[in-house]
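Notes for the one structure printed next.
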Amino acid sequence: MKLRTFLRASALLALTPAWMATPLHAQQAFPTKPVRLVVPQTPGGASDALARIVAQKLSEKWGQPVVVDNRAGAGGNIGMEAVAKAPPDGYTLLMSYVGSHAINPSIYKKLPFDPENDFVAVANLADVPFVAVANPKLPIANIKDLANYVASGKGQVTFGSAGNGSVNHLLGEMFNSAANVKMTHVPYKGAAPALNDLLAGQIQVVFTSLPSVAQHIKSGTLKGLAVTGKQRAEAFKDIPTFVEQGYPAFAISPWFGIFATGGTPQAVVQKINADINAILQQPDTVEKFAAQGAEVHMTSPQELATMLHNDIQRWAVVVKQSGATVD
């Protein structure tokens with residue numbers, strides 16, 4: 001495992017593109033004080049897990065504290081607004097992902113920020129598969145079993161989410177539609193309380209990021225039914241994909257990346273991008289991400305901005321079809 005991780009990291013290093021080069025003056029000038037990394041979700045989820053890995057690495061590299069600040073609420077909008085309105089100097093960063101950044105524009109009729117113009121893309125971190133997990137007491141082994149169980153009417157099946165319009169919610173509605181079944185949606189204020197009720201047996205299923213339930217799956221306290229994406233997760237090869245179980249619409253792995261306040265100097269953006277991508281090439285970072293079910297995916301700032309723009313359009317279609325709204 002360690003040899004494979006080292007070889008993979010070495011391959012990433014060999015392919016380092018020109019856009020990762022950073023002007024010398026930017027390298028010397030930033031940062032000169034602590035940096036705040038805002039996570040607009042509760043602790044325990046994928047955003048929090050990946051943010052803490054990268055924050056520790058950046059702290060070591062910069063010789064300055066990088067403090068993770070969980071600012072959850074309103075589907076991620078509270079934390080995002082805090083970054084959008086921060087001074088554009090690179091000292092306040094946003095740990096974002098497709099849910100809060102690309103889906104919220106279609107869920108909320110009015111946002112206190114512009115999801116593209118009020119932020120500047122810095123660096124993608126990883127692609128993270130989502131997974132359908134069930135309470136072990138539910139008599140099923142995979143996602144096809146879940147569809148058959150719900151269709152049989154043997155018992156009411158509820159699925160929890162981090163809130164109306166969250167990725168968790170939309171994936172559940174996508175499954176309802178694809179399998180032609182009807183599970184009842186139960187929204188929570190964050191993924192963590194939904195998982196707590198799943199563990200307690202108050203609800204039966206949750207569609208969530210793989211890192212947020214990795215340890216529960218490994219310990220057997222939750223049962224993995226299917227993962228999103230085109231292939232099985234490296235660290236969870238025993239969990240089949242939705243695709244191989246007959247659900248091709250789930251060939252998706254949401255991105256998780258770093259953004260700064262709009263107007264942040266390009267020299268600072270390029271400096272942070274280069275330092276993050278250097279960290280992502282380190283074997284222990286690749287290994288830590290893989291243990292969470294996350295696959296390193298480096299980008300330039302412009303590539304991440306394009307990914308965001310395309311996903312805003314893509315998920316708008318899914319939201320419209322689901323009818324989800326919070327206003």
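The shown structure was predicted, so the numbers you read here are calculated from the model rather than taken from an experiment.
By the 6.0 Å contact criterion, CG on Asn180 is open, its count of non-hydrogen atoms from other residues, nucleotides or ligands being 12 or less. When the shell of 6.0 Å around NZ of Lys237 is examined, it contains more than 12 heavy atoms from other residues, nucleotides or ligands. Few gaps surround NZ on Lys218; more than 12 heavy atoms of other groups in view lie less than 6.0 Å from it. Environment of CD in Glu60: crowded, with over 12 heavy atoms of neighbouring residues, nucleotides or ligands closer than 6.0 Å.
The shortest side-chain heavy-atom distance between Pro40 and Leu94 falls under the 4.5 Å cut-off. Side-chain contact check for Ile107 versus Trp315: every heavy-atom pair is 4.5 Å or farther apart. Within the 4.5 Å cutoff, the side chain of Leu304 has no heavy atoms near those of the Ile258 side chain. Two residues are said to be in side-chain contact when any heavy atoms from C-beta on lie closer than 4.5 Å; Tyr91 and Val268 fail this criterion. Considering only heavy atoms from C-beta on, Trp62 comes within 4.5 Å of Lys271 through its side chain. No side-chain heavy atom of Val318 sits under 4.5 Å from any side-chain heavy atom of Ile103. A 4.5 Å side-chain heavy-atom check between Leu308 and Trp255 finds at least one atom pair inside the cut-off. For the pair Asp48/Thr42, no side-chain contact is recorded, criterion being any heavy-atom separation below 4.5 Å from C-beta on.
There is no path of hydrophobic side-chain contacts, each under 4.5 Å, that joins Val157 to Val186. A continuous path of hydrophobic side-chain contacts links Tyr97 to Leu170 [ILVMFWY only; heavy atoms under 4.5 Å]. A single hydrophobic cluster is seen to contain both Ile239 and Leu198, as judged by linkage of ILVMFWY side chains at heavy-atom distances under 4.5 Å, directly or through other members. Residues Val319 and Met174 share a single hydrophobic cluster, defined by chaining ILVMFWY side chains whose heavy atoms lie under 4.5 Å apart. Linking Ile, Leu, Val, Met, Phe, Trp and Tyr residues whenever their side-chain heavy atoms come within less than 4.5 Å leaves Leu195 and Met183 in two separate clusters.
Between Arg71 and Glu81, no side-chain nitrogen of the basic residue sits less than 4.0 Å from a carboxylate oxygen of the acidic one, so the salt-bridge criterion is not met.
When Phe119, Phe113, Phe259 are each tested for a side chain to side chain contact (heavy atoms under 4.5 Å, CB included) with Val83, only one passes: Phe119. Put simply, the residue from Val227, Thr241, Leu171 that forms a side chain to side chain contact (heavy atoms under 4.5 Å, CB included) with Val131 is Val227.
Looking at Tyr247 and Thr228, their side chains never bring a donor and an acceptor atom within 3.5 Å of each other. Donor-acceptor pairing under 3.5 Å is recorded for the side chains of Glu116 and His309.
Within the model, atoms CZ of Phe130 and OG1 of Thr208 stand 6.0 Å from one another, a figure rounded to the nearest 0.5 Å. Atom CE of Met95 and atom CD of Gln41 lie 8.5 Å apart (nearest 0.5 Å). Note: Leu93 CG to Leu58 CG = 8.0 Å, rounded to the nearest 0.5 Å. Here Asn77 contributes atom CG and His101 contributes atom NE2; the two are 10.5 Å apart, rounded to the nearest 0.5 Å.
Scanning both residues, Ile143 and Ala132, for their nearest heavy atoms gives CD1-CB, 3.8 Å. Considering all non-hydrogen atoms of both residues, Pro211 and Val128 come closest at CD-CG1, 3.3 Å.
The aromatic rings of His169 and His185 lie parallel to each other, with less than 30° between the two planes, well short of the 60° mark.
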